[in-house]
**Student:** 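Quick one: structure below, then a few questions.
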Amino acid sequence: MSPRLSPRTPPRVRDGLSAALIALACLLLPCGALAAWAAYGLTDTGRYVRAMAPLAGDPAVRDAFADTVGTELTGRLEPRLRRAAGPFVRDAARSFTRTDAFRAGWDTANRVTHTALLHAARQGTAGRPVTVDVAPVAAEVKRRLAAGNVPFAHRVPVPHTRVAVLPAPEADRLRKGYAVLEVTGFWLPSAAVALAATGIAVAVCRRRAVTATALGTALGGALLALAIAVGRHLTLSGLPAGLHRPAAAAVYDALTATLRTTSWLLLALGLTAAVTTWLTGRHGRGARPGPARAPAGPGGAPEATGTRV
């Protein structure tokens with residue numbers, strides 16, 4: 001619904017108001033896309049599990065998983081067994097990551113982890129970390145060791161250890177951030193669309209306003225793609241030295257795949273709309289008839305159509 005402006009409103013005022021509204025809409029667009037992705041994309045457990053499923057075949061993720069589990073299990077062995085059984089435990093963990101059981105366990109672990117994070121974000125207790133139990137994975141590794149007749153396999157512990165996937169301070173910030181996302185994930189994109197439509201409606205030349213909105217949309221998509229790339233660099237550079245950076249990069253890329261697609265889609269749609277509007281406007285100007293000329297009189301001179309006084 002366009003605002004009611006007086007017919008006597010100066011064109012400069014209308015154009016200025018239109019430009020301000022369109023600029024604000026284009027600024028809100030990438031922020032709205034990011035908020036909607038976080039509010040509706042990351043909080044969907046099924047979508048999250050499907051996004052993470054291909055990583056079960058990523059070498060960097062498998063190595064990181066095998067090293068983590070192998071180190072955890074070896075550290076719980078008795079000191080005199082640690083040197084003898086340690087290499088077998090790590091080899092068994094690496095072998096396990098190449099099985100169908102690992103892929104199924106990977107999906108289960110991601111589902112459990114995501115459910116725990118989502119529960120903490122929605123109704124978790126303040127001051128408590130988010131934890132998951134790793135006993136099922138340890139039990140499967142022990143079973144494979146025993147099946148391969150590895151010495152001392154029966155003595156590998158299967159601890160019901162709850163690993164903290166998110167410290168208490170981060171969990172508290174997650175709860176506060178989730179409450180904000182629930183609001184901004186809907187209202188930011190809605191506000192961007194409403195402001196753009198209003199800016200086009202009040203413009204003196206609506207074709208030019210549509211072109212500006214399309215170019216702003218393309219620019220917003222490009223800024224969103226840049227933000228994803230910068231976020232990737234900052235995330236990986238801020239990791240502790242003990243974490244596997246290739247595995248973290250694979251996880252980041254999997255989680256932001258939908259957001260990257262959205263950024264390129266905004267860029268493509270914006271440029272396509274801008275070019276289409278420009279071409280149709282140029283065609284319309286070319287087809288516009290010119291001023292009528294008076295018929296030629298004798299000798300080729302234009303014949304007078306008026307009456308001299």
Side-chain angles (χ1 to χ4, degrees), residues 30-31 33-72 90-91 93-118 120-121 129-132 134 137 163-167 169-171 173-174 177-178 181 220-268:
C31 300
L34 183 61
W37 165 77
Y40 302 112
L42 290 184
T43 58
D44 188 300
T45 301
R47 189 176 302 167
Y48 173 83
V49 172
R50 288 192 296 271
M52 299 293 287
L55 296 181
D58 188 280
V61 174
R62 291 192 313 211
D63 290 345
F65 180 88
D67 290 344
T68 301
V69 173
T71 301
E72 176 70 19
R90 290 188 175 87
D91 289 342
R94 287 192 176 90
S95 177
F96 172 61
T97 61
R98 291 168 174 81
T99 64
D100 292 336
F102 169 72
R103 285 186 282 273
W106 172 261
D107 291 344
T108 302
N110 278 296
R111 188 178 299 277
V112 170
T113 302
H114 188 270
T115 302
L117 289 172
L118 200 57
V130 181
T131 61
V132 294
V134 298
V137 177
V163 178
V165 296
L166 200 65
E170 297 295 332
R173 280 194 285 269
L174 174 66
Y178 182 77
L181 284 176
L223 291 176
L224 182 59
L226 179 62
I228 296 170
V230 172
R232 186 181 192 274
H233 173 74
L234 294 177
T235 298
L236 298 181
S237 61
L239 291 177
L243 293 182
H244 290 70
R245 292 180 186 273
V251 172
Y252 184 92
D253 292 339
L255 289 178
T256 57
T258 303
L259 194 59
R260 286 199 307 274
T261 302
T262 301
S263 67
W264 292 114
L265 185 62
L266 290 175
L267 179 62

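All heavy atoms count here, side chains included; hydrogens, waters and symmetry mates do not. Owing to the predicted nature of the structure, the values given are computational and were not obtained by experimental measurement.
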**Student:** Can a donor-acceptor pair be found, under 3.5 Å and without considering hydrogens, that links the side chain of W264 to the backbone of A225?
**Tutor:** no
**Student:** Could you tell me the separation between the CG atom of L34 and the OG1 atom of T262, rounded to the nearest 0.5 Å?
**Tutor:** 10.5 Å
**Student:** Might you point out which heavy atoms bring M52 and V251 nearest each other, and give the distance in Å?
**Tutor:** CE-CG1, 3.8 Å
**Student:** Show every side chain to side chain donor-acceptor pair (under 3.5 Å) that has at least one partner inside residues 33-53, sequence neighbours left out.
**Tutor:** T45-H114
**Student:** Test of understanding: with ring-ring contact (aromatic ring centres under 6.0 Å, His included), list the residues that count as partners of Y178, not counting sequence neighbours.
**Tutor:** none
**Student:** Over all heavy atoms of both residues, which pair between A222 and L267 is shortest? Give the atoms and the distance, please.
**Tutor:** CB-CD1, 4.4 Å
**Student:** Kindly write out the residues that satisfy side chain to side chain contact (heavy atoms under 4.5 Å, CB included) with D91, not counting sequence neighbours, or none if the list is empty.
**Tutor:** R94
**Student:** Go through the structure and list residues passing side-chain hydrogen bond (donor to acceptor under 3.5 Å, both in side chains) with T256, not counting sequence neighbours.
**Tutor:** R260
**Student:** Working to the nearest 0.5 angstrom, can you tell me the gap between R111 CZ and T113 OG1?
**Tutor:** 11.5 Å
**Student:** Quick test of your reading: applying salt bridge (charged side-chain N to carboxylate O under 4.0 Å, His left out), list the pairs with at least one residue in residues 225-235, sequence neighbours left out, ordered by first then second residue.
**Tutor:** R232-D253
**Student:** Might you point out which heavy atoms bring L55 and A254 nearest each other, and give the distance in Å?
**Tutor:** CD1-CB, 3.9 Å
**Student:** Identify the heavy atoms of A38 and L181 that sit nearest to each other, and give their distance.
**Tutor:** CB-CD1, 3.6 Å
**Student:** What heavy-atom pair brings P54 and A51 nearest, and what distance separates the two atoms?
**Tutor:** CD-O, 3.4 Å
**Student:** Hey, what do you get for CD1 (I228) to OH (Y252), rounding to the nearest 0.5 Å?
**Tutor:** 6.5 Å
**Student:** Where is the tightest heavy-atom contact between L266 and G221, given as atom of each residue plus distance?
**Tutor:** CB-CA, 3.9 Å
